[in-house]
2 protein chains.
Amino acid sequence: MFTIGVLARRAQCSVPAVRFYEAQGLMPPAERREGGHRVYGRPDLARLLLIRRLRDLDVPLDRIKAFLKLDEGGKPCAETLAFFQEQRDAIRQRIEALRDLDLSLSLHMANCQSGCLPAAKACDLYGALST
Amino acid sequence: MFTIGVLARRAQCSVPAVRFYEAQGLMPPAERREGGHRVYGRPDLARLLLIRRLRDLDVPLDRIKAFLKLDEGGKPCAETLAFFQEQRDAIRQRIEALRDLDLSLSLHMANCQSGCLPAAKACDLYGALST
DNA sequence: GTGCCACCTCAAGTAACTTGAGGTTCAAGG
DNA sequence: CCTTGAACCTCAAGTTACTTGAGGTGGCAC
């Protein structure tokens, strides 16, 4: 049993974000103490961590919400597996895109280093990334 | 010389986005025809492509703006190289994070496939990503 | 000359939070 | 027991990077 501050730290997110997730229905309405302070337990942390992981993948909140609801309904693995596979495909694509970008950045830097170092000339910036 | 629609298509972005970049000072105020329609040339496309590439890296608009201005001033390579190196570091970090995520997704899926297939039981969702 | 699509401006909406104002609760120290 | 400071509360407004919509013009084909 811990406070919202502790929960947030453990999930690497801000306190207002946790409250926001509750307001949006991604986190269940938290139990409260006498004074109104929210109290959380281990399952809440697990849920929040899941939300954050999916957010790191840029899965939008309403998709996460639907997914969590699906899981609450005790749906069979098939749908869960499909969802995860979808995320893995998205990850693969993004890694490829990032590698592409990295390559063109490195090409430009090589260009720049050989072409510009002698004089303090400016780099040919647009040529670099636009091809 | 081409229209905003053609420009946008070539840079894989929306027409309003191009106008938005102009309003924000990332694109220079475009030349206009008699009727008021914007006209663009090759350098505009190069600039827009650069902006989009950097946006794909989640570089915020004001950072891109500062960078473009730096380049316009004809600053020496050193600063440009530093900027690019920074982006490459960011790319590397993001690729690693994505690989991490992919790993934990795959572990979960393996778990799920062996544990849940016989019965149509639900997966242990929270345990999957939260550890 | 009349469609019709692409363009124009301006205002408002969206996602996912963050920041701020103004006020309460809680645990520790005196 | 009292106070003090951090952590909590709610509610409203701000932020970023656009998108969407309304209402209206430009340009070209037939």
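These numbers come from the heavy atoms of this one structure, side chains and all, not from hydrogens, waters or symmetry mates. Naming: A, B, ... by sequence-line order, numbering from 1 per chain.
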State whether the side chain of B:R47 and the backbone N or O of B:L26 hold a donor-acceptor pair below 3.5 Å, judged by distance alone.
-> yes
Protein-nucleotide distance (A:I4, atom CD1; D:dA7, atom P), rounded to Å = 13 Å
Could you state the atom-to-atom distance from CG of A:L26 to C1' of C:dA16 in whole Å?
-> 11 Å
Which of these passes side-chain contact (heavy atoms from CB on, under 4.5 Å) with A:T3: A:R33, A:R9, A:H37?
-> A:R33
Taking the side chain of B:R19 as its heavy atoms from C-beta onward, which of D:dC9, D:dA17, C:dT9 lies nearest to it?
-> C:dT9
Give the rounded distance in Å between these two atoms: CZ of A:F2 and P of C:dA27.
-> 16 Å
Reckon B:R38 touches a base, only the sugar-phosphate, or nothing at all at heavy-atom distances under 4.0 Å?
-> sugar-phosphate
How would you label the contact of A:R32 with the nucleic acid (heavy atoms, under 4.0 Å): base, sugar-phosphate, or nothing?
-> sugar-phosphate
Separation of A:D62 atom CG from C:dA16 atom C1', in whole Å?
-> 11 Å
Between C:dC7 (C1') and B:E31 (CD): distance, integer Å | 17 Å
B:I51 CD1 to D:dA17 C1', in whole Å, measures 13 Å
Let me know the distance between CG of A:D58 and C1' of C:dA16, rounded to the nearest Å.
-> 11 Å
Under a 4.0 Å heavy-atom criterion, the protein footprint on nucleotides 19-30 of chain D, written with B, S and -, is SB-----SS---
Between B:L57 (CG) and D:dT16 (P), how many Å, whole number?
-> 20 Å
Nearest listed nucleotide, side chain of A:P60, among D:dA17, C:dA16, D:dC8 | C:dA16
Residues B:E22 and B:P28: closest non-hydrogen pair is CG-O, 3.9 Å
Apply side chain to side chain contact (heavy atoms under 4.5 Å, CB included) to A:R55 and A:I51, showing your working.
-> CA-CA 6 Å; A:R55 286 295 302 135; A:I51 292 169; 4.3 Å; yes
Give the C-alpha distance, both sets of side-chain angles, the deciding distance and a yes or no for side chain to side chain contact (heavy atoms under 4.5 Å, CB included) between A:R10 and A:F2.
-> CA-CA 11 Å; A:R10 296 215 180 139; A:F2 35 81; 3.6 Å; yes
Whether over 12 other heavy atoms sit under 6.0 Å from B:E31 CD | no
Side chains of A:R52 and A:Y21, donor plus acceptor under 3.5 Å | yes
OP1 or OP2 of D:dA17 sitting under 4.0 Å from any side-chain N/O of B:Y21?
-> no
